[in-house]
Amino acid sequence: QRDAEPAPPLGKPTDWPSPWGGDPGASKFSTLNQINTQNVKNLTVAWTYDTGYSTNDQYQHSPCAIDNVIYLPSGRGTNVLALQGDTGKELWKQRIGGSFSASPVVCKGMIYVPNLSGETIVFEAKGDAYHEVARNQLGNDSYASVAVSGNELFMRVGVGEGNERK
């Protein structure tokens, strides 16, 4: 039972801009209604894509999706790629270096993904090609995805080393 209505969706109902659940309240609620209790048993796999991950890999990233393009780190996090949402066709793959545990997040047409070395890579959410905007060193490490609230981004980074790490 829900005590409140879900928060309004960000962008179009088919967009999924963060790994937390499609809206600012992280309700994991979708306004899409093509799948229901009567037809769910008829679903089949539309497409698959091999990211290069092993089932033994420590980190499994959640993708984000904007304008029928799915973005995610892949191949142990050293690459970021864009897939056509309805077909699974690879649109582009870009080696950006570093290792990642965080999932990408979209805010105002930009995708943010921090790496384990505390560097956040920012690129445009465009399916035509990889367009890097910035690389920002914000700490010594970062394992968490960026959180978005209104016009603000919240990031958790580690600063310092050993017993001095905060």
Just do the side chain to side chain contact (heavy atoms under 4.5 Å, CB included) check on Asn140 and Val157 with the steps written out, would you?
-> CA-CA 7 Å; Asn140 295 76; Val157 298; over 6 Å; no
Give the C-alpha distance, both sets of side-chain angles, the deciding distance and a yes or no for side chain to side chain contact (heavy atoms under 4.5 Å, CB included) between Cys64 and Val105.
-> CA-CA 6 Å; Cys64 58; Val105 173; over 6 Å; no
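- To the nearest 0.5 angstrom, Leu138 atom CG is 5.0 Å from Met155 atom CE.
- The shortest heavy-atom contact between Val159 and Gly139 is CG2-CA, 4.4 Å.
- Within the structure, the salt bridge (Lys or Arg N to Asp or Glu O under 4.0 Å) test picks out the following pairs touching residues 135-146 (sequence neighbours left out): Glu119-Arg135, Glu132-Arg135, Asp141-Arg165.
- A pairwise comparison of heavy atoms in Pro114 and Ala144 identifies CG-O, 3.4 Å as the closest pair.
- In this structure, the separation between CG on Leu83 and OH on Tyr49 is 5.5 Å, given to the nearest 0.5 Å.
- Between the side chain of Gln38 and the main chain of Val40, no donor-acceptor pair closer than 3.5 Å is present.
- When all heavy atoms of Val80 and Tyr130 are compared, the closest pair comes out as CG1-CE1, 3.8 Å.
- Between the side chain of Ser145 and the backbone N or O of Ser103 there is at least one donor-acceptor pair closer than 3.5 Å.
- Gln137 places a side-chain N or O within donor-acceptor distance of the main-chain N or O of Ser117, the cut-off being under 3.5 Å.
- Between the Asn115 side chain and the Gly97 main chain, no donor and acceptor come within less than 3.5 Å of each other.
- For the residue pair Val106 and Val148, the shortest heavy atom distance occurs at O-CG2, 4.4 Å.
- Although no hydrogens or angles enter the test, the distance criterion places no donor-acceptor pair under 3.5 Å between the side chain of Tyr112 and the main chain of Ala147.
- Judged purely by atom type and a 3.5 angstrom limit, Asn39 uses its side chain to pair as donor or acceptor with the backbone of Gln34.
- One finds the CD atom of Glu90 at 12.5 Å from the CD1 atom of Ile70 (value rounded to the nearest 0.5 Å).
- For Val45, the side-chain contact (heavy atoms from CB on, under 4.5 Å) partners at least two apart in sequence or on another chain are Thr48.
- Remark: Leu81 CG to Leu91 CG distance equals 9.5 Å, nearest 0.5 Å.
- One distance of note links OG of Ser142 with CZ of Phe100; it measures 10.0 Å at 0.5 Å rounding.
- Residue Trp92 comes nearest to Asp128 through the heavy atom pair CD1-C, 3.9 Å, listed as atom of the first residue, atom of the second, then distance.
- The structure places NZ of Lys41 at 13.5 Å from CD1 of Ile35, a figure rounded to the nearest 0.5 Å.
- Closest non-hydrogen pair, Gly85 versus Trp47, comes out as O-NE1, 3.0 Å.
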